[in-house]
Amino acid sequence: MSGTTTQPVPSPRTRSWWGWGWEDAHPDDAECAAMGALLPGTLTRPLPVPRVSDLRIADSAVAPPASLAHLVDTDPRQRAAHAMGKAYRDVVRALRGRPGRIPDLVARPTDDREVADLLDWAGERQVAVVPYGGGSSVSGGVEYRGDAHRAVLSLDLTAMDRVLEVDVRGRSARIQAGTLGPSLEDQLRPHGLTLRHFPQSFEFSTLGGWLATRAGGHYATGRTHIDDFVQSLRVVTPAGTSASWRLPASGAGPSPDRLFLGSEGALGVITEAWVRLQERPAHKASASLSFTDFHAALEAVRALAQSDLSPANCRLLDSGEAALSGAAHDGSAVLVLGFESSDGPVTSRLEQAVDLARSHGGRRAADTLSADGAPADAAVSAWRSAFLRMPYLRDGLVRMGAVAETFETAATWDRIPALIEAVRTEVGDAALKATGHPATVNCRLTHVYPDGAAPYFTVLAAGRPGDEVAFWDDLKAVASEVLHRHRATITHHHAVGRDHRPGYDRQRPEPFALALRAAKDALDPRGILNPGVLVD
């Protein structure tokens, strides 16, 4: 067993308080206007970038005791930046100067003892505590709604940002929950290991956030969710600290880790985890295939998911999504395939996958060679670039008054075709009826399993100026009703938060809800932890 004392290196760049990512990466006014011109019914000029100085931020309703004062920040910009996540409705509220309840305090504990002390104080003073990692929530998971508490404390875990211990032989590590994705990988790299969990929010999300939301990663098959990597968790609750044993597997009753995975800070604050690692991949290969028939493409993906090829990437883009990402402009659907391994070449597995997709009507794009001699593909490169850039472009469209948002789900293969068609039709019809302008509703499959898949939808529509949040909520309600009717989950990997709460309440069995409420009452008797998430 070996330890690591590598210290994270702070970034000199500035995070946007109101939108996605870095301030300097957002599209400028001209680029926003050019995007808006492509979508009928949007504004003629972009909404101005919001300023914290324009917000009405009340003085903090409480002050911490002297023993905790050094952990607490009351700076207006920090408070505003911790008021919301990064969903469409969050961005548009910030642009309109209506961010909702701004936390009174932002606290940055450095260890379990400080977390426990903050929870004890908050419980005594009836202060709501909202755990906060990278702030990339897109389901209302890091904001406070309501007025039942005297004040709100945003508990920012990012000062707990170290890889504490690495077991190279057992390929696992003990990592603090506030460690952001890039820092986590940087600290593992000297050991030749990787967690291999790369959500789109990777740069701006933390290990604790992934665990608390049961986040899905980039990879399409195999270990798709963070759940698959967990050996043990350490969780601080108002009722005490839960520390499960580090084990490769166990059949000893219900898993204590499963109680806290996906609990979104409502039951406790995840402070550490032992996670399973992998050797860093040395061999990669990718290719794309186009399909004129989307249903044939679905069958190709199902065949791939049910094979033993296990592609790292198996992402199907419908014609609209392919055009939006630049992967195709001829009305074709595009299948992006990728393989990787630390053990040996993967080109033969890629070729088998390509042949399987061809047998369902796929046409392979002409390959070129990348700088390292591996197969490269223009559609793959275009998709990858668009994938990383898309959240910034989303914010640019929102500045033009457009609705630009996504949602995702999962269902069994027998339901997938009808589900996708129903979402496209019913959400599109609702947007047209509300605005008089047609909407674009695209779909891609992000994760695939032998028994089903995870469709991910993009909605682009003209907004209702000044009423954007209510309009999106109406569209999301239509989408949620479709998902429920087709017995598709309200979320595959974006968490429940507050936005998905109505759908989650309908989806979960009532006996389980009863048990969850009992767990909430036992672990958080004063009801201070992320109120309104999962249970009341």
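Computed from a predicted model, the values in this text were never measured in an experiment. The residues of the chain are indexed from 1 along the displayed sequence.
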Note, Tyr392 side chain near Pro27 side chain (heavy atom, < 4.5 Å) = yes

inquiry  = Side chains of Leu529 and Leu267, heavy atoms from C-beta outward: is any pair under 4.5 Å?
reply    = no

request  = Report yes or no: does Lys520 contribute a side-chain atom to a donor-acceptor pair with the main-chain N or O of Ala266 at less than 3.5 Å?
outcome  = yes

task = Apply side chain to side chain contact (heavy atoms under 4.5 Å, CB included) to Phe407 and Val138, showing your working.
result = CA-CA 9 Å; Phe407 61 93; Val138 291; over 6 Å; no

query = Where the side chain of His218 meets the backbone of Asn313, is there a donor-acceptor pair that is under 3.5 Å apart?
reply = no

task = Kindly say whether Val92 contributes a backbone atom to a donor-acceptor pair with the side chain of Arg399 at under 3.5 angstrom?
result = no

query = CD1/Ile416 to CG/Leu445 distance, rounded to the nearest 0.5 angstrom?
reply = 6.5 Å

Polar contact flag, side-chain donor to acceptor under 3.5 angstrom, Glu408-Thr446 = no

query = Taking the side chain from Thr42 and the backbone from Gly36, do they hold a donor-acceptor pair closer than 3.5 Å?
reply = yes

key: Arg214-His225 side chain donor-acceptor pair, cut-off 3.5 Å   = no

task = Please round to the nearest 0.5 Å and tell me the distance separating atom CZ of Arg506 and atom CG of Leu483.
result = 10.0 Å

ask   = Can a cation-pi geometry be assigned to Arg394 and Tyr88, taking NZ or CZ under 6.0 Å from the six-membered ring centre and within 45° of the ring axis?
value = no

ask   = For the side chain of Ser290 and the backbone of Ser332, is there at least one donor-acceptor N/O pair under 3.5 Å apart?
value = no

message = What I'd like to find out is whether the side chain of Leu195 reaches to under 4.5 Å of the side chain of Glu185, using heavy atoms alone.
response = yes

ask   = Looking at side-chain heavy atoms only, is the closest gap between Phe294 and Ser319 below 4.5 Å?
value = no

message = If I take atom CG from residue Asp330 and atom OG1 from residue Thr292, how far apart are they, to the nearest 0.5 angstrom?
response = 9.5 Å

query = Which pair of non-hydrogen atoms, one from Gly141 and one from Val130, has the smallest distance, and what is that distance?
reply = O-CG1, 4.3 Å

task = Using a strict cut-off of less than 4.0 Å between a Lys/Arg side-chain nitrogen and an Asp/Glu carboxylate oxygen, indicate whether Arg364 and Asp355 qualify as a salt bridge.
result = no

message = One thing to verify: whether Glu31 and Arg389 come together as a salt bridge, which I'm taking to mean a side-chain N less than 4.0 angstrom from a carboxylate O.
response = yes

message = Taking Gly19's backbone N and O only, do any of them form a donor-acceptor pair with Asp395's side chain (distance below 3.5 Å, no angle check)?
response = no

remark   = Between Leu38 and Ala34 the two heavy atoms that sit nearest each other are CG-O, 3.6 Å

Residue pair Leu43 / Pro465: nearest heavy atoms and the distance that separates them = CD2-CG, 4.2 Å

ask   = So which heavy atom on His486 is nearest to which on Ala422, and how close?
value = NE2-CB, 3.6 Å

Value rounded to 0.5 Å, distance of OG1 in Thr206 from CD1 in Ile175 = 11.5 Å

ask   = When you check the gap from the basic side-chain N to the acidic O, do Arg501 and Asp505 get nearer than 4.0 Å?
value = yes

Atom pair CG (Leu317) and OG (Ser288), whose distance is rounded to the nearest 0.5 Å = 9.5 Å

request  = Go through the steps to decide whether Glu421 and Thr425 satisfy the test side-chain hydrogen bond (donor to acceptor under 3.5 Å, both in side chains), and finish with yes or no.
outcome  = CA-CA 6 Å; Glu421 184 60 30; Thr425 300; 3.3 Å; yes

ask   = Between Glu264 and Thr213, do the side chains contain an N or O donor and an N or O acceptor separated by less than 3.5 Å?
value = no

key: Test item: Ser307 side-chain N/O and Leu304 main-chain N/O as donor-acceptor pair under 3.5 Å   = yes

ask   = For the side chain of Thr489 and the backbone of His492, is there at least one donor-acceptor N/O pair under 3.5 Å apart?
value = no

key: Residues Asp429 and Arg424 bridged, charged N to O under 4.0 Å   = no

task = Please determine, by modelled atom types, if Asp257 and Ser244 share a side-chain donor-acceptor pair under 3.5 angstrom.
result = yes

Salt bridge present between Arg276 and Asp228 (N-O < 4.0 angstrom) = no

ask   = Does any N or O in the side chain of Arg315 come within less than 3.5 Å of the main-chain N or O of Val336, such that one atom is a donor and the other an acceptor?
value = no

request  = Please tell me if the side chains of Trp22 and Ser16 come closer than 4.5 Å, counting only heavy atoms from C-beta onward.
outcome  = no

ask   = Does Asp90 come within less than 4.0 Å of Arg93, counting only side-chain N to carboxylate O?
value = yes

request  = Examine the side chains of Thr224 and Tyr449 and answer whether a donor and an acceptor come within less than 3.5 Å of each other.
outcome  = yes

key: side chain to side chain contact (heavy atoms under 4.5 Å, CB included) between Val533 and Val496, intermediate numbers included   = CA-CA 7 Å; Val533 168; Val496 175; 5.9 Å; no

request  = Using a strict cut-off of less than 4.0 Å between a Lys/Arg side-chain nitrogen and an Asp/Glu carboxylate oxygen, indicate whether Arg96 and Glu468 qualify as a salt bridge.
outcome  = yes

task = Using a 4.5 Å cut-off on heavy atoms from C-beta on, say whether the side chain of Glu405 contacts that of Trp472.
result = yes

inquiry  = Nearest 0.5 angstrom please: Glu143 CD to Ser137 OG, how far?
reply    = 8.0 Å

note = When every non-hydrogen atom of Trp20 is compared with those of Ser201, the smallest separation belongs to CH2-CB, 3.7 Å

message = Between the side chains of Arg349 and Glu340, is the shortest nitrogen-to-carboxylate-oxygen separation below 4.0 Å, so that they form an ion pair?
response = no

message = Just so I know, are the side chains of Ser480 and Ile490 near enough to count as touching, which here means a heavy-atom distance under 4.5 Å?
response = yes

message = With no hydrogens and no angle check, just 3.5 Å: does a side-chain donor-acceptor pair link Glu351 and Thr347?
response = no

ask   = Within the distance-only criterion (no hydrogens, no angle test), does the side chain of Arg487 pair as donor or acceptor with the backbone N or O of Gln507 below 3.5 angstrom?
value = no

task = Please step through side chain to side chain contact (heavy atoms under 4.5 Å, CB included) for the pair Leu289 and Val334, ending with a clear verdict.
result = CA-CA 6 Å; Leu289 296 98; Val334 173; over 6 Å; no

task = Can you spot which of Leu316, Asp318, Thr458 makes a side-chain contact (heavy atoms from CB on, under 4.5 Å) with Arg444?
result = Thr458

inquiry  = Give me the atom names and distance for the closest heavy-atom approach of Leu233 to Ala273.
reply    = CD2-CB, 3.7 Å

inquiry  = Is it true that Ser205 and Trp210 share a donor-acceptor pair across their side chains at a distance under 3.5 Å?
reply    = yes

query = Would you say Arg89 and Asp499 make side-chain contact, with heavy atoms under 4.5 Å?
reply = yes

request  = Report yes or no: is the cationic atom of Arg196 (NZ for Lys, CZ for Arg) closer than 6.0 Å to the six-membered ring centre of Tyr219, at no more than 45° off its axis?
outcome  = yes

message = Does Glu321 form a side chain to side chain contact (heavy atoms under 4.5 Å, CB included) with Thr440? I'd like the steps, not just the answer.
response = CA-CA 10 Å; Glu321 197 73 6; Thr440 296; over 6 Å; no

